[in-house]
Amino acid sequence: MIVNTFRGKKIPDNIKTKSQLIEYVLIEHREDEPISNGEFVFELMCTRFGGVLHDLRREGYDIVTVPAKEKGHFLYYLVSTPNEKATSKVT
């Protein structure tokens with residue numbers, strides 16, 4: 001099941017898998033507060049989000065994990081996508 005909204009924004013109808021959902025929310029909310037593990041599990045209904053994050057990292061997404069104030073809680077934010085890395089110039 002794919003949720004209809006996240007943080008008050010509608011999820012586009014073309015999002016059909018949990019992997020697409022996680023990729024979408026990381027990109028869409030990258031300038032907002034980082035996404036917590038609780039949000040992945042309880043709001044996005046993605047209990048296996050860690051595997052999706054692992055796959056996205058292997059594809060070239062730079063996703064940072066930061067411990068939150070509470071023990072066992074973590075925050076995730078997107079630094080860059082594979083497309084951004086491919087278009088950046090190293091001098």
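By convention here, the first residue in the shown sequence is residue 1.
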Should the pair Tyr76 and Phe49 be assigned to parallel (<30°), tilted (30 to 60°) or perpendicular (>60°) ring geometry? perpendicular
Check whether Leu26 and Tyr77 end up in the same hydrophobic cluster, where Ile, Leu, Val, Met, Phe, Trp and Tyr are linked by side-chain heavy atoms less than 4.5 Å apart. no
Neighbour count >12 (heavy atoms, 6.0 Å) for atom CZ, Phe6: yes
Results of side chain to side chain donor-acceptor pair (under 3.5 Å) for Thr65 - residues two or more places apart only: Arg57
Should we count CD of Glu59 as having more than 12 external heavy atoms under 6.0 Å? yes
Using the rule side chain to side chain contact (heavy atoms under 4.5 Å, CB included), only one of Thr17, Ile15, Leu21, Ile22 pairs with Ser19; which is it? Thr17
Transitive ILVMFWY side-chain link Leu56 to Met45, under 4.5 Å: yes
Taken to the nearest 0.5 Å, the spacing of Leu44 CG from Met1 CE works out to 10.5 Å
By side chain to side chain donor-acceptor pair (under 3.5 Å), which residues pair with Asp32, not counting sequence neighbours? His29
Should Glu33 and Arg7 be marked as a salt bridge (charged side-chain N to carboxylate O under 4.0 Å, His left out) after you check the CA-CA gap, both sets of side-chain angles, and the distance that decides it? CA-CA 10 Å; Glu33 291 291 319; Arg7 293 185 176 175; over 6 Å; no
Is there side-chain contact between Val3 and Thr5, with heavy atoms separated by less than 4.5 Å? no
Applying a strict under-4.5 Å side-chain criterion to I, L, V, M, F, W and Y, I'd like to know whether Val79 and Tyr61 cluster together. no
Determine yes or no for a side-chain-to-main-chain donor-acceptor pair under 3.5 angstrom, with Asn37 supplying the side chain and Phe74 the backbone. yes
For Thr81 versus Arg30, what's the shortest heavy-atom pair and its separation? CG2-NH1, 4.3 Å
Distance, nearest 0.5 Å, that separates CZ of Phe42 from OG1 of Thr47: 10.0 Å
Residue pair Leu75 / Pro34: nearest heavy atoms and the distance that separates them: CB-CB, 3.7 Å
To the nearest 0.5 Å, tell me how far Ile11 CD1 sits from Gln20 CD. 11.5 Å
Run the salt bridge (Lys or Arg N to Asp or Glu O under 4.0 Å) test against Glu23 and tell me which residues pass, sequence neighbours left out. none
When you measure from the side chain of Lys16 to the backbone N and O of Asp13, does any donor-acceptor pair fall under 3.5 Å? yes
Could you tell me if the side chain of Lys18 sits less than 4.5 Å from the side chain of Ile2, heavy atoms only? yes
